[in-house]
Student: 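If you scroll down you'll find the structure; I have some questions about it.
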Amino acid sequence: MTYQPPVRDHAFILRDVLNIDQHGDLPGFSDAPFDVVEQILDAAAQFTGDVLAPLNTVGDKNGCKLDPATNTVTTPPGFKDAYKQLCEGGWTGLGSDPAYGGQGLPYVVNLAFSEMSSSANMAFSMYPGLAHGAYSAIHFGGTDEQKQTYLPKMVTGEWTGTMNLTEPHCGTDLGLLRTKAVPQADGTYRITGQKIWISAGEHDMSDNIVHLVLARIEGAPAGVKGISLFIVPKFFPKADGSVGERNQGVKCVGLEEKMGIHGNATCVMQYDDAVGYLIGEENAGLKIMFVMMNEARLGVGMQGVAQGEAAYQAAVAFAKDRLQGRSLTGPKNADGPADPIIVHPDVRRMLLESKALIEGGRAFLFWTALHGDLSHVHPDEKVREKSADYMSLMTPVLKGYLTDKGFQVCSNAVQVHGGSGFTEHFPVSQFMRDCRIALIYEGTNGVQALDLVGRKLASKGGRAVMTFFQEIDQFIGENDADEAIKPFIEALAGVKGQLQDGTMWLMQNGLQNPDNAGAASTDYMHLFGLTGLAYMWALMAKAAQAKIAAGSSDPFFTTKLTTGRYFIERILPDAASHLAKLKTGSATLMALPAEAF
């Protein structure tokens with residue numbers, strides 16, 4: 001089985017559902033009419049399918065190797081050449097600022113490429129993915145000199161980047177970090193501390209690695225108010241753009257032995273009086289780092305969809321090929337000794353559940369990414385405001401819900417394979433192992449749920465969620481009379497009411513007892529995810545039905561409608577369960593003393 005990038009589905013979402021051509025007069029979009037986007041999708045599919053996918057198993061089997069004598073890391077065979085092809089193809093600068101050599105295309109187009117790249121080879125795609133996050137943070141908070149020094153090389157991919165947050169004693173609670181920064185007379189800082197789980201922290205694919213490191217300047221306030229952000233390059237940049245001397249205080253001293261993503265170097269980074277350069281103001285590092293972290297959180301939500309897509313494709317191929325048993329309604333492969341397992345209802349349940357979640361999740365990601373673009377480039381301040389609100393509100397939902405469901409899809413794929421799925425002879429075990437980290441890093445899914453109910457819902461007086469409800473109500477009102485998509489409209493109205501009910505319960509019960517909000521948070525996040533997917537399936541059903549009404553006999557559109565019907569009939573009913581659970585509050589959950597566990 002080989003991964004086949006879902007170009008058709010990407011095109012359907014971008015052209016027929018989101019209609020990105022309607023934004024053709026906006027910066028970025030003016031260079032990306034859909035015929036150009038289609039060419040990009042085709043080229044992306046060819047590169048990711050032909051170059052990256054064959055290396056996925058190679059990376060898993062070989063992993064990365066650390067030479068403790070030199071503190072250098074060698075990536076798996078083929079990775080270095082593939083990275084060179086990635087850079088030569090211009091893929092590293094697809095969505096980057098033209099002022100620094102980028103192509104300036106919309107974020108939503110870049111996300112489509114990133115999904116294909118991550119499906120083909122998640123471990124490999126993390127190297128350029130993290131580099132783009134570091135690029136974004138410097139672009140947002142760096143000085144003009146820092147931007148001119150680092151961004152052009154990061155856009156071309158000649159230099160990569162990392163984010164250094166976690167320490168042995170602190171992960172999510174960054175207020176506990178101990179890495180220190182000591183100011184020097186020349187304006188630099190000396191950075192000392194240890195950072196762990198640093199993806200792409202050391203490797204042999206780029207000329208330089210630009211580490212973004214959170215540290216506390218001596219005398220800074222305690223907690224998160226005293227955190228600053230520093231550029232700590234592996235090699236010092238020279239004036240002509242080349243690399244100079246080694247930053248002697250920076251080195252990788254260990255590689256983690258991980259469940260998955262073996263092709264990505266997950267490093268223990270040691271900083272001993274390393275030279276660093278402050279980004280932004282002292283004690284204001286988190287604001288800049290959150291630019292990178294929020295981009296990474298959306299990227300992790302994308303990884304859930306991406307690994308789910310790859311696992312689903314593998315499961316479909318196996319289900320069509322594997323002969324076991326006979327159809328309950330009589331043989332479908334009469335000349336063979338048994339029928340392919342795809343005839344069995346329970347196998348179809350797992351495949352259709354996977355297909356509905358992945359296609360709905362992809363649309364939700366692309367829809368949100370488009371709002372990310374509009375929040376920056378739309379001329380109407382109200383549109384920018386609404387889109388920025390949506391980006392803030394949806395980020396924890398996409399990260400948490402889509403990685404949970406991506407892992408579920410990978411688990412379904414193992415189940416479809418039966419005993420074969422539990423072996424390393426088939427690819428699905430790797431997809432499941434690789435996907436599992438996505439529920440953890442960039443803030444565990446429980447933290448995402450807390451962020452959603454504790455911060456994002458209440459932000460600006462609940463403006464974002466109320467705007468989302470109004471948008472759904474408007475869509476329902478505009479399409480309520482359309483009999484062809486009536487089941488989708490009714491289902492959307494139902495789940496929107498349930499989400500509104502859950503939101504009101506949180507507002508009434510979460511403030512008086514914060515444990516109620518914490519206890520409800522994961523179920524609320526899943527209820528929100530189901531509502532988002534219901535809206536996406538209604539949008540996709542409308543677009544597919546319009547094609548059919550216009551005379552198309554392409555089975556793609558009827559398949560889309562059937563998949564959407566499966567979602568509203570057999571997945572969306574979970575919303576009632578999540579609503580019932582969140583309303584039980586925290587009394588029972590918090591009743592037992594710690595020693596009772």
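All values reported here derive from a predicted model rather than from experimental measurement.
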Student: Does the side chain of Tyr100 come within less than 4.5 Å of Pro152's, by heavy atoms?
Tutor: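 Yes, close enough: below the 4.5 Å cut-off.
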
Student: Could you check Ile198, Leu130, Leu229 and say which one makes a side-chain contact (heavy atoms from CB on, under 4.5 Å) with Met163?
Tutor: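 Checked Ile198, Leu130, Leu229 against Met163; only one passes side-chain contact (heavy atoms from CB on, under 4.5 Å): Leu130.
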
Student: Quick check for you: to the nearest 0.5 Å, what is the distance between Gln248 atom CD and Asp272 atom CG?
Tutor: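 Nearest 0.5 Å value for the CD-CG distance: 11.5 Å.
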
Student: Please tabulate, for side-chain N and O atoms in residues 208-225, each donor-acceptor pair with protein atoms closer than 3.5 Å (sequence neighbours left out).
Tutor:
| unit_1 | atom_1 | unit_2 | atom_2 | d |
| --- | --- | --- | --- | --- |
| Asn208 | OD1 | Phe235 | N | 2.8 |
| Asn208 | ND2 | Phe235 | O | 3.0 |
| His211 | ND1 | Thr162 | OG1 | 2.8 |
| Arg216 | NH1 | Pro221 | O | 3.0 |
| Arg216 | NH1 | Gly223 | O | 2.8 |
| Arg216 | NH2 | Gly175 | O | 2.9 |
| Arg216 | NH2 | Leu177 | O | 3.3 |

Student: Checking Leu14 against Leu41 for the side chain to side chain contact (heavy atoms under 4.5 Å, CB included) test, could you report, in this order, the C-alpha distance in whole Å, the side-chain angles of both residues, the deciding distance, and whether it holds?
Tutor: CA-CA 11 Å; Leu14 294 172; Leu41 295 177; 4.3 Å; yes

Student: Looking only at heavy atoms, what is the nearest atom pair of Ala45 and Val7, with distance?
Tutor: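 Result for this residue pair: CB-CG2, 3.4 Å.
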
Student: Roughly how far, to the nearest 0.5 Å, is the CE atom of Met525 from the CG atom of Leu527?
Tutor: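 Here the interatomic distance stands at 11.0 Å.
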
Student: Does the side chain of Arg384 come within less than 4.5 Å of Glu381's, by heavy atoms?
Tutor: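 Contact flag for Glu381/Arg384 side chains = yes.
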
Student: Using a strict threshold of under 4.0 Å (side-chain N to carboxylate O), is an ion pair present between Asp451 and Lys456?
Tutor: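 Salt bridge flag = yes for Asp451 with Lys456.
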
Student: Compare all side-chain heavy atoms of Ile138 with those of Met154 and state whether any distance is below 4.5 angstrom.
Tutor: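 The answer is yes, as the side chains (C-beta and beyond) meet within the 4.5 Å cut-off.
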
Student: Does Leu357 form a side chain to side chain contact (heavy atoms under 4.5 Å, CB included) with Tyr401? I'd like the steps, not just the answer.
Tutor: CA-CA 10 Å; Leu357 287 170; Tyr401 181 75; 3.8 Å; yes

Student: Return the CZ to OG1 distance between Phe113 and Thr92, rounded to the nearest 0.5 Å.
Tutor: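 Going from the CZ atom of Phe113 to the OG1 atom of Thr92 covers 9.0 Å.
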
Student: Under a 3.5 Å cutoff, is there a donor and acceptor pairing between the side chains of Thr266 and Lys258?
Tutor: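 Note: Thr266 and Lys258 side chains meet the donor-acceptor criterion.
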
Student: Would Tyr83 and Tyr127 count as a ring pair (Phe, Tyr, Trp, His ring centres under 6.0 Å) here? Give the steps.
Tutor: CA-CA 9 Å; Tyr83 186 77; Tyr127 294 96; 7.5 Å; no

Student: What distance do Leu165 atom CG and Ile196 atom CD1 have between them, rounded to the nearest 0.5 Å?
Tutor: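 Nearest 0.5 Å value for the CG-CD1 distance: 11.5 Å.
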
Student: Ignoring hydrogens, what is the shortest heavy-atom contact between Leu255 and Cys267? Give both atom names and the distance.
Tutor: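 In this case the closest contact between Leu255 and Cys267 is CD2-SG, 3.7 Å.
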
Student: Using the six-membered ring wherever Trp is involved, compare the ring planes of His371 and Trp367 and label them parallel, tilted or perpendicular (cut-offs 30° and 60°).
Tutor: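 His371 vs Trp367 ring planes: perpendicular.
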
Student: Do Leu499 and Phe469 have side-chain heavy atoms sitting under 4.5 Å apart?
Tutor: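 A side-chain contact exists here, since the closest heavy-atom pair is under 4.5 Å.
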
Student: Does the side chain to side chain contact (heavy atoms under 4.5 Å, CB included) test come out yes or no for Thr467 and Glu471, once each step is laid out?
Tutor: CA-CA 6 Å; Thr467 303; Glu471 178 173 330; 5.6 Å; no

Student: Kindly say whether the aromatic ring centers of Tyr441 and Trp197 come within a distance under 6.0 Å.
Tutor: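 They do not qualify: ring centres at least 6.0 Å apart.
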
Student: Please report whether the ring centroid of Phe468 lies less than 6.0 Å from that of Phe528.
Tutor: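 For Phe528 and Phe468, the ring centres are under 6.0 Å apart.
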
Student: For residues Gln85 and Asp81, is any side-chain donor paired with an opposing acceptor at under 3.5 Å?
Tutor: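 Indeed, the side chains of Gln85 and Asp81 share at least one donor-acceptor pair under 3.5 Å.
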
Student: Within the 4.5 Å heavy-atom criterion, are Leu111 and Leu298 side-chain neighbours or not?
Tutor: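 They are not in side-chain contact.
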
Student: Under the side chain to side chain contact (heavy atoms under 4.5 Å, CB included) criterion, do Ser118 and Met302 qualify, and how do the steps go?
Tutor: CA-CA 8 Å; Ser118 189; Met302 175 274 295; 3.7 Å; yes

Student: Taking NZ, NE, NH1 and NH2 as the nitrogens, is one of them in Arg362 or Glu115 under 4.0 Å from a carboxylate oxygen of the other?
Tutor: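 Judged by the 4.0 Å cut-off on N to carboxylate O distance, Arg362 and Glu115 do form a salt bridge.
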
Student: Is it true that Arg297 and Glu442 make a salt bridge, defined as a side-chain N closer than 4.0 Å to a carboxylate O?
Tutor: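 Not counted as a salt bridge, because no side-chain N and carboxylate O are separated by less than 4.0 Å.
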
Student: When rounded to the nearest 0.5 angstrom, what is the spacing between OG in Ser206 and NZ in Lys153?
Tutor: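 NZ of Lys153 is found 11.5 Å from OG of Ser206.
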
Student: If we count only N and O atoms by modelled type, under 3.5 Å, do the side chains of Asn445 and Thr403 hold a donor and an acceptor together?
Tutor: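 The criterion, which ignores hydrogens and geometry beyond distance, is satisfied for Thr403 and Asn445.
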
Student: Where do Leu506 and Ala517 come nearest, in terms of heavy atoms and distance?
Tutor: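 Scanning both residues completely, I find the closest heavy atoms to be CD2-CA, 3.8 Å.
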
Student: Do Thr160 and His203 have a side chain donor and acceptor closer than 3.5 Å?
Tutor: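 Thr160 vs His203: donor-acceptor pair found between side chains.
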
Student: Give, for atom CD of Glu158 and atom SG of Cys87, the distance between the pair rounded to the nearest 0.5 Å.
Tutor: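 Glu158 atom CD to Cys87 atom SG measures 7.5 Å (nearest 0.5 Å).
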
Student: Just by distance, do the side chain of Glu167 and the backbone of Thr179 share a donor-acceptor pair under 3.5 Å?
Tutor: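 It does hold such a pair.
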
Student: Give a yes-or-no answer on whether the side chains of Glu295 and Ser136 include a donor-acceptor pair shorter than 3.5 Å.
Tutor: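 Their side chains do contain a donor-acceptor pair, which is all the 3.5 Å distance test asks for.
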
Student: Students often mix this up, so state it plainly: with edges at 30° and 60°, are the rings of Tyr277 and Phe236 parallel, tilted or perpendicular?
Tutor: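 Aromatic pair Tyr277/Phe236 classed perpendicular.
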
Student: Which heavy atom of Trp91 sits nearest to which heavy atom of Ile40, and what is that distance?
Tutor: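 Heavy atoms of Trp91 and Ile40 come nearest at CH2-O, 3.7 Å.
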
Student: Is a side-chain donor-acceptor pair under 3.5 Å present for Asp204 with Thr74?
Tutor: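 Thr74 vs Asp204: no donor-acceptor pair found between side chains.
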
Student: Might you point out which heavy atoms bring Pro106 and Ala32 nearest each other, and give the distance in Å?
Tutor: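 Nearest pair, atom of Pro106 first, then Ala32: CD-CB, 3.9 Å.
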
